[in-house]
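Take a look at the structure set out below.
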Amino acid sequence: MNIVLPDKNLKTLPDGATAAHLAAAISPRLAKEALAAKVNNILADLGAPLHDNDSVEIITFDSVEGKSVFWHSSSHIMAQAVQAIFPSAKIAIGPAIDNGFYYDFDTDKPINPDDLPAIEAKMKEIVAKKTPIVRHAVSKADAEKYFTGRNEPYKLELLNDIQGEPTLYSQGEWQDLCRGPHVPDTGYIRAVKLLSIAGAYWRGSEKNKMLTRLYGISFPKQSQLDEYITMIEEAQKRDHRRLGKDLDLFSFHAEGAGFPFWHGRGMVLYNTIMDYSRAMHVAAGYQEVKTPMILNEELWHRSGHWDKYRENMYFTTIDEITHAVKPMNCPGGLLIYKNSAHSYREFPIKYCEFGLVHRHEKAGVLHGLFRVRQFTQDDAHIFCLPHQIEPQITEVIDSITAMYRTFGFSDFAMELSTRPEKFMGAPELWDRAETALKNVLDAKKCAYKINPGDGAFYGPKIDFHIKDCLSRSWQCGTVQLDFQMPERFELEYADADGTKKRPVMIHRALFGSMERFIGIMLEHYAGALPVWLAPVQAKVIPISDKSMAYAQQVYHACSAAGIRVELDDRSEKMGYKIRDAETKKIPYMAVVGEKEAEAKTVSVRRHKDGDQGARSLESFVSAIAAEAKKPS
RNA sequence: GCCGAUGUAGCUCAGCUGAUAGAGCAUCCGACUUGUAAUCGGAUGGUCGGGGGUUUGAGUCCCUCCAUCGGCUCCA
């Protein structure tokens with residue numbers, strides 16, 4: 001029979017050959033690295049028989065699919081090991097994820113981190129046996145009998161939902177309900193490490209029982225595992241919570257969980273970003289506004305927040321009337337709009353606001369600057385005519401894209417979120433709004449993912465997501481189209497013919513949350529911020545007290561040029577001061593001694609890059625001042 | 001909110017099966033006056049997250065609350 005390879009070449013194999021035979025026929029190396037196959041674009045086991053004219057691609061660990069198969073098999077081995085050690089543990093589900101695998105268990109007593117080494121050791125035993133992993137097509141009745149006998153309620157529940165005949169995969173005595181494919185035998189999983197234990201709800205619903213989830217990672221080679229562990233350790237060093245502490249930017253205190261305290265250096269960074277954003281908005285024709293943080297209950301009923309968002313709001317009483325601390329800025333913007341009569345000639349009307357919002361996030365979800373209870377949105381509300389919707393959304397997407405590039409992000413994901421369960425307004429309006437957003441994305445040829453049901457309660461949205469140091473993805477920018485608020489607040493404008501009409505509202509934020517964006521940026525740069533953002537741009541380091549006078553001169557020259565500069569006048573060795581400045585990730589160090597004082601120069605040292613040699617004080621100052629200017 | 005873990009000096013951590021706490025760094029004082037990632041000596045610093053309990057005796061054991069970490073659920 002003939003097999004079509006990915007490069008369209010044909011390979012002739014004897015009848016009855018499998019994907020494993022094909023791999024062997026192509027090269028010994030591929031035979032060794034093969035994990036599974038893609039037959040006519042469907043993933044299959046290496047042992048799957050091939051047929052004449054099949055298109056076959058051999059899958060190795062190098063591909064995303066290969067990793068997924070490898071990790072899926074690893075999760076089965078982990079489950080077998082757990083049941084060997086905890087015979088009463090019930091197995092739930094165990095898939096591969098982006099970075100490794102997990103398996104959920106229901107256990108009598110909790111599995112502790114102390115138990116992980118024993119489970120790992122058991123896994124290694126199973127791996128050492130090189131037990132074949134075999135696919136079995138069985139009848140539903142047989143599968144049911146098997147899992148009933150094993151007393152596996154979760155598997156029975158899953159089985160119940162399967163259409164058609166189920167498949168089981170066995171490795172020796174142990175079997176699991178699984179679509180597959182899997183690696184040919186347990187011996188493939190040579191390097192494995194269990195990473196963490198966590199709770200996870202059965203089928204992802206908080207109404208269900210919480211199971212114990214074990215996370216792990218595995219590789220075909222030990223060296224790859226070592227590399228991965230080193231990579232994780234490096235990534236953890238750039239955790240923004242760590243950097244915030246080390247660089248003295250911000251802190252958190254038990255006195256107010258989820259409420260960040262910004263320190264002096266952190267505020268420099270914060271204000272630099274805010275100044276940049278403000279200038280950008282003014283240039284784009286926005287009017288900056290500021291609306292109150294506390295507004296009465298009635299307003300929140302009118303906006304719909306009371307019904308849809310109350311659990312996340314904070315309240316206070318003023319003169320016996322309940323007031324809410326704003327969780328969003330939109331109602332304030334709406335009141336400003338309503339404060340005067342509007343003409344169709346004015347549109348688009350664009351209000352922007354650095355809006356400080358408070359949201360009661362559940363205790364367990366707080367996470368550094370990424371998830372807080374108080375944050376500032378670079379919010380804006382655009383009121384426009386229906387035909388301006390698409391151009392306005394296009395403009396917003398362009399400015400988000402451009403701004404992220406300015407801050408060094410080229411890798412971000414876009415997601416379109418559609419009507420949620422808790423929604424306001426007519427479904428037809430929602431359809432219109434969703435279509436408008438989709439049209440813009442399609443016209444701009446943006447790659448995006450659709451999140452059904454993830455929209456805001458008043459409208460669908462396009463979100464921008466950036467990944468943190470451990471590749472967890474966080475939403476930053478957002479564009480939301482809203483036909484509801486104008487309706488609820490009875491917004492009007494006079495059209496050309498003098499009739500009153502209703503404008504459309506667009507909510508948008510570019511950073512999303514200043515706090516979250518700063519956190520992401522710190523991780524992105526591992527704390528070594530570009531000069532224009534660095535809280536301290538240059539440190540003057542005198543070699544000894546003898547050159548202190550000249551060091552002060554250098555300091556004042558920098559300071560006068562607007563450079564954020566500090567002088568290290570401590571009675572310490574130069575090496576000590578350099579080390580200190582390096583650990584603080586200060587981009588420039590100006591080392592000055594008697595030689596420099598004599599020649600009116602500075603010895604320039606760049607963070608990480610080391611000694612750059614001497615240059616004149618004047619050119620040093622102008623070079624940094626130029627680099628420190630914010631990008632246009 | 002849920003599951004699990006953790007909480008000892010400003011920071012990073014040690015403190016075995018219970019006998020009222022230690023190190024390094026930081027800080028302060030003194031000496032050194034130095035050429036590209038840590039000079040030397042000395043000193044200060046902790047009701048061991050809060051509260052309750054068991055015990056002759058608790059950093060250590062138990063309960064509870066708070067915070068943090070990893071996830072789940074939820075979200076910018």
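Proteins come first, then strands; the chains are lettered A, B, ... in the order of their sequence lines, and each starts at number 1. Nothing here was measured: the structure is a model prediction, and the numbers come from that model.
Close to B:G10, at under 4.0 Å from its OP1 or OP2, lies no side-chain N or O of A:K245. Phosphate contact (OP1/OP2 of B:A26, side-chain N/O of A:Y576, threshold under 4.0 Å): present.
Classification of A:E152 and A:K90 as a salt-bridged pair fails, no side-chain N sitting under 4.0 Å from a carboxylate O. The existence of a salt bridge linking A:E523 and A:R241 is excluded, since no basic side-chain nitrogen approaches an acidic carboxylate oxygen closer than 4.0 Å.
Of the candidates B:A76, B:U36, B:U73, the closest approach to any side-chain atom of A:E206 belongs to B:U73. The listed nucleotides are B:A5, B:A67, B:C11; the one nearest the side chain of A:N112 is B:A5. Here the nucleotide nearest the side chain of A:R579, chosen from B:A37, B:A76, B:U36, is B:A37. Side-chain proximity of A:V591 to B:A76, B:U36, B:G4: nearest is B:U36. The side chain of A:A257 approaches B:U68 more closely than any other nucleotide in the set B:U68, B:A38, B:G35. Proximity note for A:R371 (side chain, C-beta onward) versus B:C74, B:G35, B:U27: the nearest is B:C74.
Atom CD1 in A:I518 sits 7.0 Å away from atom CG in A:L369 (nearest 0.5 Å).
Residue A:R359 contributes atom CZ, which lies 8 Å from atom C1' of B:C75 at whole-angstrom precision. As rounded to whole Å, 16 Å separates atom P of B:G4 from atom CZ of A:F105. Counting to the nearest Å, the C1' atom of B:A76 and the CD atom of A:E415 are 13 Å from each other. At whole-Å resolution of the value, CD1 in A:I541 and P in B:A37 are 11 Å apart. B:C3 atom P lies 15 Å from atom CG of A:N208, rounded to whole Å. The separation between A:K237 atom NZ and B:U12 atom C1' is 14 Å, rounded to whole Å. The distance from atom NZ of A:K326 to atom P of B:A76 is 17 Å, rounded to the nearest whole Å. Rounded to whole Å, atom P of B:A76 lies 14 Å from atom CG of A:D378.
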Tabulate protein N/O versus nucleotide N/O from nucleotides 70-72 of chain B, keeping only pairs under 3.5 Å, one per line.
from  : atom 1 : to     : atom 2 : distance (Å)
B:G70 : OP1    : A:R241 : NH2    : 2.6
B:G70 : OP2    : A:R241 : NH1    : 3.1
B:G70 : N2     : A:I197 : O      : 3.4
B:G71 : OP1    : A:R472 : NH1    : 3.1
B:G71 : OP2    : A:R472 : NH1    : 3.2
B:G71 : O3'    : A:Y215 : OH     : 3.1
B:G71 : O2'    : A:Y215 : OH     : 3.1
B:G71 : O6     : A:G364 : O      : 3.4
B:G71 : N2     : A:G199 : O      : 3.4
B:G71 : N3     : A:G199 : O      : 3.4
B:C72 : O4'    : A:G199 : O      : 3.1
B:C72 : O2'    : A:Y201 : N      : 3.0

Collect all protein-nucleotide pairs involving nucleotides 42-46 of chain B in which both atoms are nitrogen or oxygen and the distance is under 3.5 Å.
none

Atom pairs, N/O to N/O, protein against nucleotides 30-33 of chain B, distance under 3.5 Å?
from  : atom 1 : to     : atom 2 : distance (Å)
B:C32 : N4     : A:S571 : OG     : 2.4
B:U33 : O2     : A:D545 : N      : 2.9
B:U33 : N3     : A:D545 : OD2    : 3.1
B:U33 : O4     : A:D545 : OD2    : 3.1

Please evaluate residues A:F261 and A:F259 with respect to the criterion ring-ring contact (aromatic ring centres under 6.0 Å, His included), reporting the C-alpha separation (whole Å), side-chain torsions for both, the decisive distance (0.1 Å), and the verdict.
CA-CA 7 Å; A:F261 286 65; A:F259 299 111; 8.8 Å; no
Verdict with supporting geometry, A:Y458 and A:M328, side chain to side chain contact (heavy atoms under 4.5 Å, CB included)
CA-CA 12 Å; A:Y458 47 77; A:M328 296 184 194; 4.2 Å; yes
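Two residues, A:G575 and A:Q374, neighbour RNA chain B, and the one matched to the more 5' nucleotide by heavy-atom proximity is A:G575. Between A:A363 and A:M574, it is A:A363 whose nearest contact on RNA chain B lies nearer the 5' terminus.
The gap from the C1' atom of B:C40 to that of B:U33 amounts to 14 Å, rounded to the nearest Å. Atom name P, nucleotides B:C32 and B:G41: the rounded distance is 16 Å, in whole Å. Remark: the separation of the P atoms in B:A5 and B:U64 is 13 Å, to the nearest Å. Distance noted for atom P between B:G18 and B:C61: 8 Å (whole Å). For the C1' atom pair drawn from B:A9 and B:G4, the interatomic distance equals 29 Å after rounding to whole Å. One C1' atom belongs to B:G51, the other to B:G7, and the distance between them is 15 Å to the nearest Å. Across the P atoms, B:G24 and B:U36 are found 28 Å apart, a figure rounded to whole Å. Taking atom C1' in both B:A14 and B:U60, one finds a spacing of 14 Å when rounded to whole Å.
The one candidate from A:W202, A:F105, A:Y103 that meets the ring pair (Phe, Tyr, Trp, His ring centres under 6.0 Å) condition with A:Y154 is A:W202.
Looking at heavy-atom distances under 4.0 Å, A:V372 makes contact with a base. Contact annotation for A:E596: base contact, defined as any heavy-atom pair under 4.0 Å involving a base atom. Nucleic acid contact class of A:K461 (heavy atoms, under 4.0 Å, all strands): sugar-phosphate only. At a threshold of 4.0 angstrom between heavy atoms, the contacts of A:R570 are confined to the sugar-phosphate backbone, with no base atom among them. Note on A:K595: a base of the nucleic acid sits closer than 4.0 angstrom, heavy atoms only. Counting non-hydrogen atoms under 4.0 angstrom, A:R203 reaches nothing in the nucleic acid. Among the protein residues, A:E594 comes within range of the nucleic acid bases, having at least one heavy atom under 4.0 Å from a base atom.
Of all the heavy atoms in A:S68 and A:A96, the pair that sits closest is O-CB, 3.3 Å.
With ring centers used as reference points, A:F423 lies 6.0 Å or more from A:F457. For A:W71 and A:H76, the ring centers sit 6.0 Å or farther from each other. A:F375 has its ring centre no less than 6.0 Å from the ring centre of A:H358. Taking the ring centroids of A:F407 and A:Y276, they lie under the 6.0 Å cut-off.
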RNA chain B in dot-bracket form (Watson-Crick or G-U pairs under 3.5 Å, [ ] crossing, | inter-strand) is (((((((..((((.....[..)))).(((((.......))))).....(((((..]....))))))))))))....
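In terms of the ring-ring contact (aromatic ring centres under 6.0 Å, His included) criterion, residue partners of A:Y228 (sequence neighbours excluded) are, by chain and number, A:F219.
Counting atom types as modelled, A:T212 pairs no side-chain N or O with a base atom of B:G4 as donor and acceptor under 3.5 Å.
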What donor-acceptor contacts under 3.5 angstrom involve side-chain atoms of residues 589-599 of chain A, with partners at least two apart or in another chain?
from   : atom 1 : to     : atom 2 : distance (Å)
A:E596 : OE1    : A:G593 : N      : 2.8
A:E596 : OE2    : A:S603 : OG     : 2.6

